[in-house]
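Only this structure's heavy atoms are used, side chains among them; waters, hydrogens and symmetry mates stay out.
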Amino acid sequence: MSFKETITIGANTNNPLTVKRLGYGTMQLPGEHVWGEPKNRDEALQILKETSEKGINFLDTADYYGQDITNRLIKEALYPYKDDLVICTKVGANRGKDKSWGVYDKPEDLRASIENNLRTLKTEQIQLVHFRVMPGSTTPFEESLNAMFEMQREGKIMHVGLSNVTPEELSKALAMGNVASVENAFGYEQRKSFSAYGMEIRGMQEVMDICIENNIPMVPFFSLQSSLHNKENKIAEMAKKYNASPAQINLAWLLHYNDLILPIPGTSKLNHLNENIKAFDIKLTDEDMVFLG
């Protein structure tokens with residue numbers, strides 16, 4: 001069973017972005033609790049350089065990862081950027097001094113975040129920005145999204161996407177403008193809402209279905225998390241068949257599940273990065289996919 005090796009974001013726009021269907025998520029690069037400098041800064045920089053050398057040209061970041069840590073590392077490791085590199089960031093959240101995750105989604109907050117990302121990444125336009133919807137927000141969803149579209153019209157953002165949205169929010173957004181991509185939790189063992197880092201992670205299989213219906217790329221996070229332990233034996237069996245790790249089989253399943261999925265597995269270990277990249281070479285059969293379910 002084959003799968004498409006590339007994916008195009010904004011396919012029906014004047015600025016389509018085609019990337020390899022395996023990106024890298026930078027959330028694990030900062031220190032403990034996604035805060036502060038990496039435990040091994042040299043290895044963090046080497047990981048980013050390795051993504052470039054291995055043909056990964058989609059990076060997912062946010063200025064609230066370690067308080068600008070991932071953006072600064074990306075710039076240090078990869079600037080000046082290759083022409084085909086797509087850096088995707090997120091806005092809508094911030095971090096408290098107690099390392100908590102807060103809401104930061106008023107129009108002026110979103111603008112401040114975009115300006116900060118432009119500065120720390122040293123770029124004049126961010127190719128893809130996901131508006132992260134944080135539960136507990138008092139700002140109307142439409143107000144925040146309108147601010148994103150306004151900054152897109154100003155040229156600060158090329159493509160607007162959404163993150164952690166419900167089916168209802170995604171439907172509202174589609175009526176307001178073009179949604180280039182969705183970054184929600186989704187994986188073999190993560191298809192129902194759950195909590196992590198003190199936040200509700202929501203809109204999974206139901207949002208995936210809407211993305212498929214509307215041909216919207218899905219950038220899944222937490223795709224290697226385990227929660228449905230009754231399925232783990234199937235992953236282990238498939239890993240044995242292909243002489244692969246469970247993580248590699250999870251990634252291979254995502255790549256085969258639908259060609260709209262762009263996995264972004266993150267790690268702070270260089271050997272794990274190279275292990276994840278090898279998942280791209282695993283070709284599951286139709287029978288494998290039926291077995292995994």
For the residue pair N116 and S113, confirm or rule out a side-chain donor-acceptor distance under 3.5 Å. no
With S52 via side chain to side chain donor-acceptor pair (under 3.5 Å) - residues at least two apart: K82
Does the side chain of D288 come within less than 4.5 Å of H256's, by heavy atoms? no
Could you walk me through whether L174 and I210 pass side-chain contact (heavy atoms from CB on, under 4.5 Å), step by step? CA-CA 10 Å; L174 289 172; I210 296 175; 4.2 Å; yes
Shortest non-hydrogen contact from Q248 toward S245: OE1-N, 2.8 Å
Between I69 and P38, which heavy-atom pair has the shortest distance, and what is it? CG2-CD, 4.1 Å
Say you draw a straight line from CD1 of I47 to CD of Q28; how long is it, rounded to the nearest 0.5 Å? 9.0 Å
OG (S144) and NZ (K106) are apart, to the nearest 0.5 Å, by 8.5 Å
For residues 273-293, pull every pair meeting ring-ring contact (aromatic ring centres under 6.0 Å, His included), keeping only residues two or more places apart or in separate chains. F3-F280
Please check if the side chain of H159 supplies one atom and the backbone of A180 the other of a donor-acceptor pair under 3.5 Å. no
With a 4.5 Å heavy-atom cut-off, do N258 and M218 have their side chains touching? no
Any pair with a residue in residues 65-91 that passes ring-ring contact (aromatic ring centres under 6.0 Å, His included), sequence neighbours left out, goes on the list, sorted by first then second residue, please. Y79-Y81
Same hydrophobic cluster for L255 and I212, using side-chain heavy-atom links shorter than 4.5 Å among ILVMFWY? no
About how many Å separate CG of L260 and NZ of K4, when rounded to the nearest 0.5 Å? 8.0 Å
Check the pair E76 / R41 against side-chain contact (heavy atoms from CB on, under 4.5 Å), numbers first and verdict last. CA-CA 11 Å; E76 182 175 344; R41 198 171 192 278; 2.7 Å; yes
Is it the case that one hydrophobic cluster holds both I277 and I264, taking links as side-chain heavy atoms less than 4.5 Å apart, direct or via other members? no
Take atom CD in E124; do more than 12 heavy atoms of anything else shown fall under 6.0 Å from it? no
Which pair of heavy atoms, one from L110 and one from A147, lies closest together, and at what distance? CD1-CB, 4.2 Å
Counting only N and O atoms by type, is there a donor-acceptor contact under 3.5 Å from the side chain of N214 to the main-chain atoms of I216? no
Cluster overlap L262 with I87, hydrophobic side-chain contacts below 4.5 Å: no
Hey, any chance V133 and V91 share a hydrophobic cluster, counting ILVMFWY side chains that come within less than 4.5 Å of each other, even indirectly? yes
Under 3.5 Å, side chain of N57 to main-chain N/O of K20, donor-acceptor pair present? yes
Pairwise side-chain contact, L128 with F58, heavy-atom cut-off 4.5 Å (strictly under): yes
Shortest non-hydrogen separation from R21 to L254 and the atoms involved: NH2-O, 3.8 Å
Tell me whether Y24 contacts the main-chain N or O of T267 through its side chain, where contact means a donor paired with an acceptor under 3.5 Å. yes
Checking the side chain of N184 only, and the main-chain atoms of V165 only, is there a donor and an acceptor separated by less than 3.5 Å? yes
List the atom pairs, with distances to 0.1 Å, where a side-chain N or O of residues 9-19 and a protein N or O form a donor-acceptor pair under 3.5 Å, not counting sequence neighbours.
from, atom 1, to, atom 2, distance (Å)
T13, OG1, G10, O, 2.7
T13, OG1, N15, N, 3.2
T18, OG1, T8, OG1, 2.8

The single option from T61, N71, D68, T123 that satisfies side-chain hydrogen bond (donor to acceptor under 3.5 Å, both in side chains) with N117 is N71
Heavy-atom side-chain proximity of L145 to V160 below 4.5 angstrom: yes
In terms of hydrophobic clusters joined by side-chain contacts under 4.5 Å, are L85 and I7 together? no
Ignoring hydrogens and angles, tell me if any N or O in the side chain of Q152 forms a donor-acceptor pair with the backbone of I157 under 3.5 Å. no
Can you check whether V129 reaches I114 side chain to side chain, under 4.5 Å on heavy atoms? yes
If I compare all heavy atoms of F221 with all of S163, which pair ends up nearest, and what's the gap? CE2-OG, 4.1 Å
Side-chain touch L284/Y242, heavy atoms, less than 4.5 angstrom: yes
One should read off an interatomic distance between L292 CG and M238 CE, to the nearest 0.5 angstrom, of 4.5 Å
Give a yes or no on whether the backbone of E169 and the side-chain of T166 come within a donor-acceptor separation of less than 3.5 Å. yes
Quick one: does any side-chain atom of Q125 pair with a main-chain N or O of G155 as donor and acceptor, under 3.5 Å? yes
Close side-chain approach of E154 and R111, heavy atoms under 4.5 Å: yes
Determine, stepwise, if the pair N233 / E237 fulfils side-chain hydrogen bond (donor to acceptor under 3.5 Å, both in side chains). CA-CA 6 Å; N233 289 337; E237 189 170 335; over 6 Å; no
Is S268 close to E43 at the side-chain level, that is, under 4.5 Å between some pair of heavy atoms? no
Determine the interplanar angle of the F131 and F141 rings, folded into 0 to 90°, and report it as parallel if under 30°, tilted if 30 to 60°, perpendicular if over 60°. tilted
Within a reach of under 6.0 Å around CG of N243, are more than 12 heavy atoms found that belong to other residues, nucleotides or ligands? no
Residues in side chain to side chain donor-acceptor pair (under 3.5 Å) with T139, at least two apart? D105
For the student: nearest non-hydrogen atoms of D63 and T89, plus distance: N-OG1, 4.0 Å
For the rings on F186 and Y257, is their centre-to-centre separation under 6.0 Å? yes
Does a sphere of radius 6.0 Å around NZ in K122 hold more than 12 heavy atoms from other residues, nucleotides or ligands, not counting ones at 6.0 Å or beyond? no
For a quick check under 3.5 Å, do E150 and N146 share a side-chain donor-acceptor pair by atom type? no
Please identify each residue that fulfils side chain to side chain donor-acceptor pair (under 3.5 Å) with E115, with sequence neighbours left out. K156
